[in-house]
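Data block below; observations after.
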Amino acid sequence: MNIKEIESKWQKYWDDNKSFKAETGGNKKPYYILVEFPYPSGAGLHVGHVRSYTAQDAMARMMRMQGYNVLYPMGWDAFGAPAEQYAIKNHIHPKEAVKENIKTFKAQMKSIGFSFDWDREFSTTDPEYYKWTQWQFLQFYKHGMAYKDTIPVNWCPTCKSVLSNEDAAGGVCERCGSQVEQKEKSQWMLRMGDYAEDLLKGLDDTNFADRVKLGQINWIGKSTGVEVDVEIVGGGKFSIFTTCPETIYGITFFVIAPDGKLIKELMDRVENKDEVNAYIKETALKSNMDRTELNKGKTGVEVKGIKAINPVNGKEVPIFLGDFVLGDYGTGAVMAVPSHDQRDFEYAKEHNLEIIQVIDCGDISEHAIEKTEYMGHDYKMINSEEFNGMTVDVAREKISDMLVEKGLGRRVNNYKMRDWIFSRQRFWGEPIPMVNCPKCGWVPLNEEDLPLLLPDVAEYEPTEDGESPLANITDWVNCKCPKCGGDAKRETDTMPNWAGSSWYFLRFMDAHNDKEFASMDAMKYWNRVDWYNGGMEHTARHLLYARFWVQFLYNIGLVPHKEMIWTRVSHGMVLGSDNVKMSKSKGNVINPDDIVNEYGADTLRTYEMFMGDYQMDAPWSTDSLKGCKRFIDKVARLIDKVNDKSGFTESLESIQNKTIKKIEYDLTHMGYNTAISSLMILTNAYDDLESITKEDYHLLLTLLNPIAPHITEELNEMIGFKPICESEWPKYDEEKTVETVKEIAVQVNGKVRGTIEVRVEDDDNSIKEKAMDNENVKKHIEGHEIVKVIVIKGKIVNIVIK
RNA sequence: GCGAGUAUGGCGGAAUUGGCAGACGCGCUAGACUUAGGAUCUAGUGUCCCAGACGUGCAGGUUCAACUCCUGUUACUCGCACCA
């Protein structure tokens with residue numbers, strides 16, 4: 001039989017026998033392994049998918065044999081712009097395109113032999129699924145977690161389309177190259193900002209890899225500081241946020257955001273309105289553009305006619321507009337202390353403003369000396385009235401206390417993470433189940449009327465003014481208000497791609513439930529995702545959205561844990577053989593189908609596990625792939641060496657036990673490459689012998705099976721064993737993993753001068769004697785004084801001489 | 001700029017804890033078997049001035065012993081980028 005036949009034979013066997021079906025319940029210990037479900041693009045499965053799916057597949061296959069009830073599901077994250085674009089071009093419904101793509105992806109996955117439980121398969125675009133995404137949105141709404149707000153969006157005047165930040169990179173429309181503008185739009189928002197602290201704390205209840213936790217922490221971006229009220233000369237006030245209250249006596253001006261609310265309020269009193277308005281306009285054009293290039297200098301204008309008062313010393317200072325201050329972070333206004341903030345320093349130089357040093361930490365004539373440089377030193381305060389002479393960290397606390405006591409300020413935390421903009425002006429997404437009634441305002445759909453289906457039409461160009469294509473479909477838009485029954489209009493925006501992927505792992509626990517998104521019983525049984533693998537590019541945003549979503553569901557009593565994902569790891573990319581990211585334009589794309597056809601699925605799987613450290617990027621190498629093919633062939637050829645003896649070959653005992661232990665460790669610690677290496681070593685040990693027993697061979701095949709499941713099942717059947725996927729994982733004997741006789745190195749002053757054979761039972765003294773007795777060692781210690789001899793059992797002997 | 005990660009032969013990469021650096025594989029060299037070899041097998045393969053010395057980006061340090069720990073530094077990759 002050739003490889004193709006063998007592979008389809010076993011794939012059919014697994015399908016027919018539902019070998020990998022995960023039942024909810026039972027006595028076995030549940031274990032939930034999850035890989036990120038893919039976006040089924042027209043390009044088909046990528047070799048990068050194969051890498052992580054194989055890794056987790058190997059883990060799943062081994063753990064099933066070890067007696068776990070393993071849930072290893074697969075589904076489709078199929079809403080999104082590419083399917084919509086494709087559909088517009090070809091005048092078909094995106095669901096048709098998605099159906100085709102899913103078919104391709106599924107066939108590809110099956111041809112590689114992943115042990116997914118296909119009975120739990122679903123797509124985020126299935127009405128049975130997005131019904132519950134909509135239902136959950138309604139819960140957000142009902143708990144005051146969803147609201148409408150007017151915020152600027154990227155707008156391409158040529159394409160008449162709203163663009164994502166990625167599509168508007170550099171301030172130019174990715175599709176047509178026109179200048180992107182800012183347009184105000186009313187959008188649905190989720191109050192994710194309220195969860196910042198909980199999302200930070202929740203990390204303690206996870207086992208995420210350190211670099212993943214750090215990514216989350218950085219994205220949340222907590223900073224602790226003081227919010228200070230500032231009076232305006234002649235009435236009025238505003239607040240600023242600072243993380244450096246110790247520098248407050250160094251304020252020489254304030255800067256407010258051109259896109260903030262404050263300047264609008266003050267506009268009546270502004271003397272140079274034209275200049276200020278021009279600057280506001282200029283900023284609007286610039287915002288969201290790649291500002292790096294544009295901000296070599298610090299632009300800004302003075303707001304003439306208005307002065308602010310430094311709350312701690314009553315000093316009157318000017319107010320400026322500056323686009324480096326963001327309207328939507330903190331209070332939209334900052335105090336400027338040019339002596340101790342480089343950005344303020346540059347601004348002051350540019351606009352000829354006063355610089356007052358308040359920390360005696362050296363020369364500031366060339367650049368500011370910032371917090372990172374002055375904190376942690378014993379620098380003393382100067383020019384700060386009663387705080388003069390205090391060290392910086394003492395002054396920091398004292399000044400904060402003083403501000404709070406005098407009612408001038410409050411200690412607060414600020415977060416970079418904002419509320420979640422939840423509206424997309426797209427057709428191919430979950431419709432937001434809200435109705436706008438002229439009498440009742442925004443009214444949620446009744447839960448029993450879900451799902452709110454997407455209309456079945458084939459034409460959906462975006463509207464002239466940037467509304468979602470749904471706005472053109474009047475039959476769909478016009479509806480009755482669920483509350484008063486009068487004429488009303490539906491919300492035409494749809495949800496972002498991130499919505500459906502924020503809870504899909506819960507659905508897998510109970511995929512066919514039509515009463516709930518998933519039953520509490522099923523979720524309690526599976527407990528949480530034990531092991532979640534995905535790309536580094538999703539460890540910040542997707543994971544954060546998913547955690548936020550789950551924490552909300554937990555708070556309203558719908559899921560059993562506040563964190564439903566225990567371990568999160570991320571894999572490296574598979575690069576082209578030229579060591580850069582695979583892309584059509586570079587012509588370095590490898591199609592997994594071609595590899596399966598030419599070399600077989602087992603070889604592809606083995607190679608992708610062997611190619612390098614799982615967590616790091618690795619370039620594709622067809623030569624290396626061929627090496628893995630040779631290895632598989634070698635394993636297959638060993639069948640000719642199988643003899644009639646029973647039991648295991650004695651001389652192999654130690655290496656066999658060691659290999660079992662190693663594979664178990666490696667497959668659960670992402671050491672896939674070294675797992676294969678140890679299997680190669682075992683194979684070579686077998687190959688060195690005249691013959692091996694059936695048991696020997698069966699063991700090797702079992703150990704290799706999680707990685708190369710087809711050929712191992714076939715060979716295993718040929719020697720008369722029942723299928724490996726229905727067998728138990730072998731057990732090793734710890735005592736037998738230790739070699740009784742071992743060769744260790746003898747060093748003299750840290751340099752290897754010889755080796756000796758030691759037995760496990762040898763004591764330090766006899767090892768020492770053996771070491772001193774070695775011919776070459778003798779030569780090196782002759783005539784020298786021996787200072788000491790270090791014996792590390794089973795490892796090394798080091799003789800220190802003078 | 002900030003944060004994180006990485007750096008080991010010609011190449012991909014090993015080295016659970018500080019304990020013989022280069023496992024395993026690729027590539028390469030020589031040979032065997034062959035009508036043939038892009039099959040298979042055998043031997044070799046870090047560098048050099050080869051009884052020895054030097055070698056894990058670079059410069060120091062700690063230690064009997066450092067790829068591993070500490071200090072400084074360089075380059076590259078990724079993420080965020082005026083976050084007060």
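Quick note: numbers below take in every heavy atom, side chains included, and nothing from hydrogens, waters or symmetry partners. Within every chain, numbering begins at 1; the chains are lettered A, B, ... in the order of the sequence lines, protein sequences first and strands thereafter.
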I want to check one thing: is the phosphate of [N], taken as OP1 and OP2, less than 4.0 Å away from some side-chain N or O of [X]?
X        : N     : result
A:Tyr329 : B:A84 : yes
A:Ser223 : B:A84 : yes
A:Arg753 : B:C20 : no
A:Arg343 : B:C83 : yes

Does a donor on one side chain sit under 3.5 Å from an acceptor on the other, for [X] and [Y]?
X        : Y        : answer
A:Lys634 : A:Asn684 : yes
A:Arg541 : A:Tyr545 : yes
A:Tyr732 : A:Glu664 : no
A:Asn657 : A:Thr737 : no
A:Glu608 : A:Tyr672 : no

Please tell me which of the listed nucleotides, [options], lies nearest to the side chain of [X]?
X        : options             : answer
A:Ile792 : B:A84, B:G19, B:G12 : B:G19
A:Ala745 : B:A84, B:C20, B:G25 : B:C20
A:Arg630 : B:G52, B:U40, B:G19 : B:U40
A:Val334 : B:C41, B:C83, B:A84 : B:A84
A:Lys634 : B:U40, B:C64, B:C41 : B:C41
A:Asp323 : B:G52, B:G12, B:C82 : B:C82
A:Phe324 : B:C20, B:G27, B:C82 : B:C82
A:Lys795 : B:C83, B:G19, B:U40 : B:G19

Syn if the chi torsion is within 90° of 0, anti otherwise; quick check, which is B:G9? syn

B:C50: syn or anti, with syn meaning chi within 90° of zero? syn

Does any N or O in the side chain of A:Lys770 come within less than 3.5 Å of the main-chain N or O of A:Glu757, such that one atom is a donor and the other an acceptor? yes

Any donor-acceptor pair under 3.5 Å from A:Asn749 side chain to A:Ile801 backbone: yes

For [N] and [M], measure between their [atom1] atoms and round to the nearest Å.
N     : M     : atom1 : answer
B:G57 : B:C67 : P     : 10 Å
B:C11 : B:A23 : P     : 15 Å
B:U74 : B:A59 : P     : 14 Å
B:C41 : B:U34 : C1'   : 12 Å
B:A21 : B:A15 : C1'   : 7 Å
B:A65 : B:G19 : C1'   : 7 Å
B:G12 : B:G61 : P     : 31 Å
B:G22 : B:U16 : P     : 13 Å

Separation of atom [atom1] in [X] from atom [atom2] in [N], rounded to whole Å:
X        : N     : atom1 : atom2 : result
A:Asn413 : B:A84 : CG    : P     : 12 Å
A:Asn684 : B:U42 : CG    : P     : 9 Å
A:Ile707 : B:G25 : CD1   : C1'   : 14 Å
A:Lys751 : B:G55 : NZ    : C1'   : 11 Å
A:Leu625 : B:G12 : CG    : P     : 17 Å
A:Leu575 : B:G12 : CG    : C1'   : 12 Å
A:Asn749 : B:C20 : CG    : P     : 17 Å
A:Arg418 : B:A81 : CZ    : C1'   : 12 Å

Within the 4.0 Å heavy-atom criterion, would you say [X] contacts the bases, only the backbone, or no part of the nucleic acid?
X        : result
A:Asp633 : nothing
A:Gly221 : nothing
A:Thr242 : sugar-phosphate

What N/O pairs connect the protein and nucleotides 5-8 of chain B at under 3.5 Å? Give each pair on its own line.
none

Hunt down the Watson-Crick or G-U wobble partner of [N], both distances under 3.5 Å, from any strand shown, or write none.
N     : answer
B:G10 : B:C26
B:A65 : none
B:A32 : B:U40
B:U71 : B:A59
B:A53 : B:U47
B:A4  : B:U77

Could you check whether atom CD of A:Glu735 has more than 12 heavy atoms from other residues, nucleotides or ligands sitting under 6.0 Å from it? no

Between the base of B:C24 and the side chain of A:Asn673, is there a donor and acceptor pair under 3.5 angstrom? no

Ignoring hydrogens and angles, answer whether the base of B:C26 and the side-chain atoms of A:Asp623 contain a donor-acceptor pair closer than 3.5 Å. no

Close residues, residues 607-615 of chain A, relative to RNA chain B [heavy-atom separation under 4.0 Å]: A:Phe610, A:Met611, A:Asp613

Name the one of A:Ile792, A:Val758, A:Thr755, A:Ile796 that satisfies side chain to side chain contact (heavy atoms under 4.5 Å, CB included) with A:Ile744? A:Val758

Relative to the 5' end of RNA chain B, which residue comes earlier, A:Tyr665 or A:Phe241, by the nucleotide with the nearest heavy atom? A:Tyr665

Tell me which of A:Glu743 and A:Lys661 sits closer to the 5' end of RNA chain B, going by the nucleotide each one is nearest to. A:Lys661

Side-chain touch A:Leu544/A:Met192, heavy atoms, less than 4.5 angstrom: yes

Any side-chain heavy atom of A:Tyr665 within less than 4.5 Å of one from A:Ser678? no

Counting the benzene-type ring for Trp, do A:Tyr607 and A:Tyr599 have ring centres under 6.0 Å apart? no

Taking the six-membered ring for Trp and the full ring for Phe, Tyr or His, determine whether the centres of A:Phe324 and A:Tyr347 are under 6.0 Å apart. yes

Does the side chain to side chain donor-acceptor pair (under 3.5 Å) test come out yes or no for A:Asn207 and A:Thr567, once each step is laid out? CA-CA 5 Å; A:Asn207 183 38; A:Thr567 295; 2.8 Å; yes

